Amino acid sequence: MSSQTDASEDGTVEEQATMQERHESVAAEVLPDSTGLYVGGEFVDAAAAETFDTVDPATGEVLTDVARGREADVDRAVSAAWSAFEETWSGYAAGRRQRVLTAVADTIEDHTEELAKLETLDNGKPISEARVDVRGAAEQFRYFAGVVRENPGETMSEGSRYGQVIAEPYGVVGQVIQWNFPLLMASWKLAPALAAGNCSVLKPAEQTPLSALRLAELIDDVVPDGVVNVLPGYGEEAGEAVASHPDVRKIAFTGSTAVGKRVMKNAAETVTDVTLELGGKSPVVVFPDVDVDRAVSLVSAAIFYNSGECCEAGSRLFVHEAVADELLDGLAAAVESTTLGDPLDEETDLGPKVSREQVERTVEYVEAAREEGGEFLVDGGEPDDATLEDGCYVEPTLVEGLDHDSPPVQEEIFGPVLTVFRWDDYDEMIELANDVEYGLAGGVITDDVRQANEAARDIEAGYVWINSYHDLVPGLPFGGYKQSGIGRELSADTLDHYRRTKTINLSLR
Ligand code: NAP
Ligand code: MG
């Protein structure tokens, strides 16, 4: 493991100031002007006039403060969204919505560098990965602009009956998202909701509200007022109020399984439809025929991309005995050469985690793995590097020899920790691979097509990659089995999660 800023005995303070200064100067360039609640096309203060800080996890410095929405603000946003739906958006035919979505995509693309820097500052992800997110966000709007006219309805005639099944938008939807892909996830939510003809009240995560607010600022001229409302705040306040509001007709949530269950219970009170994109603990299976170098880079990306802060992270490795030693040596070497450091640096592989809380969560699981008798191939934890001590950094961990029932194997760590298992019996391996409460994703690495397809079908998960990982393409639906969620994003069918069908039965008699 290397870091870009090698601390010298007396150079420590100077190096630290360099990262901080650099971040301050980029912040001065890209921080949004408006950090209020975006309601009805305007930035406004919260009713209680409260704010909260959002922090740069690379330096530990406060970036800015942001309005703290609560129930009264959610009421206001929901009512602004209904007004926009009734007065404007419901009158926009598909082609007109398509033009709006395309304009949003263009706007995002035109501001790629700025949005990427903002995302890196607020979330800590390496700038190279932040650019991938921004391009993906634009792609979402472009994709849903393209499918706006899909699944428009059906007609049937039988005897004297003429039936129509039409798809109607819900009107106002509530969307609550997490912090690991803030702008990308806002786009995964807003694009299909708007394409299907709804207005949205979106609550970004408290750790990363800035890119959604900047998006609101940027699209203010191209999206009619009130169609998109962005309501930063805390989960138990703004989040809970959005997800249980009686006038919200549909809830889309991305986050942890624990909060997802609560959202679903709350939704039962008003019998509101819910889609949930929740946690994961995904297996990556390596067969004996692999090119080991290629497998090393796939396995490494599967767990370490975005510092392990991916719901689909391949966090349990099942490697065949025949290649295990070679692959694990290669993986350990790859980890050792990973660059942990300033996320604004183009060369950085691993930035900080999003918050102190997430560092502690990862470290606790690493310690639990030690207590469980884990054998550490690479022992991570917090780096011993004075230049990084104010940030939320965690080094990668590779551990084997854990009982598959132990908490570090069963529970989502959401950090750069890979638990390793060797296998030689296929059926036993698949049984273990499926022995978690999650079922979001999985990976299979082999050039044997028959074997690859068998394993992909045997893994109980909503998305399985063969010889790649994290590669999400609009058009191929993404979502979980088991406790990883309900519903699918990224495809034309996602529109159906944002519409309800109405049957009109006309008598011709
Ligand atoms: P989280 O705690 O569940 O938070 C997610 C969102 O819910 C945040 O906006 C949060 O607000 C809000 N929230 C908290 N309590 C709420 C409540 N009682 N009612 C309504 N909303 C509430 O999740 P996280 O830890 O931030 O995010 C990581 C999790 O997301 C992981 O489990 C990961 O696997 C999952 N994830 C899933 C997918 C997927 O597509 N399946 C994608 C990415 C991440 P605050 O931020 O203010 O707490
Ligand atoms: Mg932040």
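Small disclaimer: the values here were computed from a predicted structure and weren't measured. Whatever order the structure lists them in is the order used to number ligands and atoms, beginning at 1.
There is no side-chain donor-acceptor pair under 3.5 Å between H23 and E61. For the residue pair E489 / T494, no side-chain donor-acceptor distance below 3.5 Å is found, with atom types taken as modelled.
Under the 6.0 Å distance and 45° angle rule, K482 does not count as a cation-pi partner of Y438.
Under the 4.0 angstrom criterion, atom 45 (P) of ligand 1 counts as having a protein heavy-atom contact.
Protein heavy atom nearest atom 3 (O) of ligand 1, with residue, atom name and distance: S256 OG, 2.6 Å.
Aromatic ring centres of W188 and Y143: separated by at least 6.0 Å. W465 has its ring centre less than 6.0 Å from the ring centre of Y469.
Under the side chain to side chain contact (heavy atoms under 4.5 Å, CB included) test applied with Y38, the options D220, V201, L231 reduce to a single match, D220.
Close approach of ligand 1 to K203 (heavy-atom distance below 4.0 Å) involves ligand atoms 9 (O), 11 (O), 45 (P), 46 (O), 47 (O). If you number the atoms of ligand 1 from 1 as listed, the ones under 4.0 Å from a heavy atom of F478 come out as 40 (O).
Contact annotation: for T254 versus ligand 1, heavy atoms closer than 4.0 Å belong to both the backbone and the side chain.
In terms of polar-atom proximity, I177 is counted as a contact of ligand 1, with an N or O under 3.5 Å from an N or O of the ligand. Looking at A243 next to ligand 1, no N or O pair under 3.5 Å apart turns up.
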